[in-house]
J.: 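Pasting in a structure now, in structure tokens, and then I'll have a few things to ask.
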Number of protein chains: 2
Amino acid sequence: MSATIEDVAGRAGVSVATVSRALRGLPNVAPSTRERVTAAARDLHYVADPAASRLAGGRGLSVGIVVASLARWYDGQLLAGAEAELLGLDSAAGYELLPFSSGAIGGLDGFLEARPFRKRVEGLIVADGPLSDGQVDRIAEAGVALTTVGFLHEVAPGLTIDQAAAATSGVAHLRALGHRRVAWMGPVDHHGLGFTPSAERLRGYLAGREEGGLDADPGLVVPAELSPRGGAEAVRRLLELPTPPTGLVACSDELAIGAMQAARDAGFRVPGELSIVGIDDHDVSEYVGLTTIGQDVRAQGARAVQLLLAYLSEGTAEVVHEIVPTRLLVRRTTGPVRPGATSPTP
Amino acid sequence: MSATIEDVAGRAGVSVATVSRALRGLPNVAPSTRERVTAAARDLHYVADPAASRLAGGRGLSVGIVVASLARWYDGQLLAGAEAELLGLDSAAGYELLPFSSGAIGGLDGFLEARPFRKRVEGLIVADGPLSDGQVDRIAEAGVALTTVGFLHEVAPGLTIDQAAAATSGVAHLRALGHRRVAWMGPVDHHGLGFTPSAERLRGYLAGREEGGLDADPGLVVPAELSPRGGAEAVRRLLELPTPPTGLVACSDELAIGAMQAARDAGFRVPGELSIVGIDDHDVSEYVGLTTIGQDVRAQGARAVQLLLAYLSEGTAEVVHEIVPTRLLVRRTTGPVRPGATSPTP
DNA sequence: GTTCTGGCTGGAAACGCTTGCACATCCTGC
DNA sequence: GCAGGATGTGCAAGCGTTTCCAGCCAGAAC
């Protein structure tokens with residue numbers, strides 16, 4: 001059907017071994033020979049069969065990337081960043097990025113149980129939730145290199161924002177505006193105290209609240225699923241409180257956007273009666289005027305690929321951990337607390 | 001390093017051929033044998049090397065999916081839908097979804113020139129722009145099955161919304177509200193008259209405008225890049241017109257969201273002085289109150305996989321083309337034109 | 001004119017799996 | 001009892017590469 005290396009060898013009048021060397025740019029091939037082989041390959045529209053290459057050589061640069069859901073903004077950014085980096089490589093050919101969404105399989109646990117990445121990728125970028133030591137071991141056993149994004153693990157290279165600090169700075173921003181009653185919405189970890197990015201953010205919120213001596217009403221923390229819908233539902237519960245908050249930090253921008261609209265629908269002015277801060281700087285956040293703690297997710301995707309590749313080539317090099325910066329983007333959903341407005345007019 | 005089929009064969013006391021058959025559920029394997037093999041494989045944590053399987057058997061179920069950019073909402077939805085469908089398969093094991101973003105390579109042309117999918121996937125889902133006959137041929141030559149999403153090609157199965165009709169219905173909605181001066185924003189095809197989804201939508205807008213006898217001022221069509229930023233920039237140009245439009249149909253929701261905010265910033269009330277309709281029903285659209293022509297992108301991703309698989313297995317079956325429905329979602333960015341407000345107060 | 005390098009090249013053995021084919025066995029039904 | 005299917009299993013030939021190893025040939029050094 002399609003040309004094989006033997007066809008090329010025949011046409012160029014050399015052996016398959018030489019074709020292999022010539023085409024991959026290995027040394028010890030006479031320039032004239034290389035040229036002849038290249039021409040033959042071009043004429044025949046030859047490309048090496050990746051399966052065969054991989055079987056024979058062990059080589060192959062394919063990296064898997066584990067995200068929660070391909071449909072989420074964050075995960076799309078990460079993929080795009082990783083892909084761009086992979087394409088920019090010198091040996092651009094033969095790269096392969098395969099996404100796994102843990103949500104579609106049985107969560108991260110299910111994924112690591114089934115390990116569909118075995119014998120398939122050289123490296124794995126995990127951007128979903130924390131990894132237990134056991135899980136890291138399972139990945140290592142499979143012989144694949146690991147890099148994490150959004151959280152760190154002692155034995156694997158990785159990068160993340162300081163999740164807790166991001167949330168804390170959201171609280172601090174509101175406090176500086178005079179808010180004393182600042183709420184939180186986000187996923188709550190039912191399986192004990194996890195170290196997911198969301199849990200870290202919640203910790204950061206709690207720390208900021210305490211540090212600033214703000215209201216510590218437990219009712220100010222409401223669980224919410226990470227979507228605009230989740231934000232809308234959660235904010236309604238907050239606003240029904242006997243004394244509603246005047247400030248809100250949401251675990252993600254999607255949440256904040258949903259909350260923002262629902263609060264307005266409920267008759268609360270934003271930021272007049274409720275100031276809202278998100279985290280992430282989603283694409284549309286700028287355009288809905290959402291104040292947020294921004295991070296550059298795409299750059300993190302690219303950087304993760306770099307770390308993975310470095311780790312892969314340098315072998316036992318030291319484990320690199322990076323904390324990437326976030327920045328407060330003040331837009332139009334936060335403002336000074338209205339004098340004496342601890343209990344806003346409903 | 002990792003267990004091979006021979007290890008399993010040894011442990012189970014059978015030949016590798018039997019292991020292969022037993023593990024893949026082929027007939028003609030005694031139940032007791034199959035059980036023994038399965039146990040051995042489990043003990044050894046054996047998984048077949050996909051590269052070797054592929055080389056030997058030719059089989060493998062990997063599908064490539066070509067989108068414009070992994071970071072876009074639309075493309076994320078499509079991927080998620082396709083992945084879910086692939087995972088739901090009976091022979092769920094061994095599937096593989098590899099995304100290619102044409103934006104990151106040299107556009108769709110560059111992608112089809114390089115054809116990184118050769119000898120790598122059984123099928124390709126193309127969701128970016130139209131495909132010329134020549135391009136379809138190139139894909140066919142490579143021996144990969146093709147399915148299209150968002151547009152159709154005569155010789156390949158595919159599905160899409162009626163792009164033009166979607167835009168037309170946006171115009172019709174505004175007309176019904178009394179608008180006579182309805183603008184359009186979206187990408188314009190510089191390479192002659194393409195048949196990209198965007199170009200189709202523009203055609204639909206023009207048709208709707210004509211059909212309704214609306215203002216045909218050419219200045220009402222402004223080019224915009226498909227992002228919130230693009231929408232913001234484009235709407236500013238529209239509002240600077242001597243006679244600004246009272247209605248606007250945007251080629252996508254991202255565009256509409258950007259436009260919405262920028263219009264408000266410019267002092268125009270939405271929908272008081274400018275009514276806006278988007279297309280797609282982006283995740284956040286509901287929460288920013290955007291009126292839009294909605295489509296279920298995730299379902300399309302899933303359906304595309306079904307079509308591809310059917311085509312792959314039935315071989316020369318007839319080419320299936322499907323038009324999937326859209327629906328007008330009236331929210332809070334459209335309203336009746338204000339009496340005598342063809343020229344709104346700036 | 002030898003011998004010795006070193007650059008090029010080809011032969012052939014993997015790599016780990018699938019599958020066509022042949023070969024035992026064990027039932028059927030006569 | 002015996003031909004003739006089923007049924008279950010093993011052997012070995014690939015699949016298209018890469019890579020080890022050996023061999024060839026030119027030119028350099030003696």
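Keep in mind that this is a model prediction, so the values were computed, not measured. A note on names: the letters A, B, ... follow the listed sequences, proteins ahead of strands, and every chain is numbered from 1.
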J.: Has B:S53 got a side-chain N or O lying under 4.0 Å from the OP1 or OP2 atom of C:dC17?
T.: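 The answer is no; no side-chain N or O of B:S53 sits under 4.0 Å from OP1 or OP2.
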
J.: Quick one: A:E6 CD to D:dT18 P, roughly how many Å, whole number?
T.: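 After rounding, the gap between these two atoms is 13 Å.
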
J.: Just to be sure I understand the rule, does A:A30 reach a base, reach only the sugar-phosphate, or reach nothing, if contact means heavy atoms closer than 4.0 Å?
T.: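 Sugar-phosphate contact only - A:A30 comes under 4.0 Å of backbone atoms but never of a base.
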
J.: Would you mind telling me which residue lines up with the more 5' stretch of DNA chain D, B:A52 or B:P27, judged by nearest nucleotide?
T.: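 This one resolves to B:P27.
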
J.: Does B:S20 place a side-chain N or O at less than 4.0 Å from the phosphate oxygens OP1/OP2 of C:dC17?
T.: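 B:S20 to C:dC17 OP1/OP2: no side-chain N or O under 4.0 Å.
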
J.: Which is true for A:N28 with a 4.0 Å heavy-atom rule: it touches a base, it touches only sugar-phosphate, or it touches nothing?
T.: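 Result for A:N28 = base.
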
J.: Run A:F111 and A:F100 through ring pair (Phe, Tyr, Trp, His ring centres under 6.0 Å) and show every step you take.
T.: CA-CA 9 Å; A:F111 173 75; A:F100 295 101; 5.2 Å; yes

J.: Counting just side-chain N and O atoms, does A:K119 come under 4.0 Å of either OP1 or OP2 of C:dG16?
T.: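 Looking at the OP1 and OP2 atoms of C:dG16, neither is under 4.0 Å from any side-chain N or O of A:K119.
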
J.: Considering only NZ, NE, NH1 and NH2 on the basic side and carboxylate oxygens on the acidic side, decide whether A:R303 and A:E85 come within less than 4.0 Å.
T.: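 Salt bridge between A:R303 and A:E85, a charged N being under 4.0 Å from a carboxylate O: no.
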
J.: Any donor-acceptor pair under 3.5 Å between the side chain of A:R54 and the base of C:dG16?
T.: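 Under the 3.5 Å cut-off, the side chain and the base do not form any donor-acceptor pair.
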
J.: Is B:R21 close enough to D:dG10 that one of its side-chain N or O atoms is under 4.0 Å from OP1 or OP2 there?
T.: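 Looking at the OP1 and OP2 atoms of D:dG10, neither is under 4.0 Å from any side-chain N or O of B:R21.
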
J.: Is A:A48 touching bases, backbone alone, or none of the nucleic acid, heavy atoms closer than 4.0 Å?
T.: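 Contact class for A:A48: sugar-phosphate only.
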
J.: Side chains of A:T38 and A:R42: any donor to acceptor distance under 3.5 Å?
T.: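 A:T38 and A:R42 do not have a side-chain donor-acceptor pair below 3.5 Å.
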
J.: Taking five pairs at each end of the helix from C:dG1-D:dC30 to C:dC30-D:dG1, what angle separates the two helix axes (nearest 10°)?
T.: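 That helix gives 40° between its end axes.
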
J.: Let me confirm one number: the CG-CG distance from A:L70 to B:D75, rounded to the nearest 0.5 Å.
T.: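 That separation rounds to 11.5 Å.
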
J.: Answer with base, sugar-phosphate or nothing: what part of the nucleic acid does A:V47 contact at a heavy-atom distance below 4.0 Å?
T.: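 Contact class for A:V47: sugar-phosphate only.
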
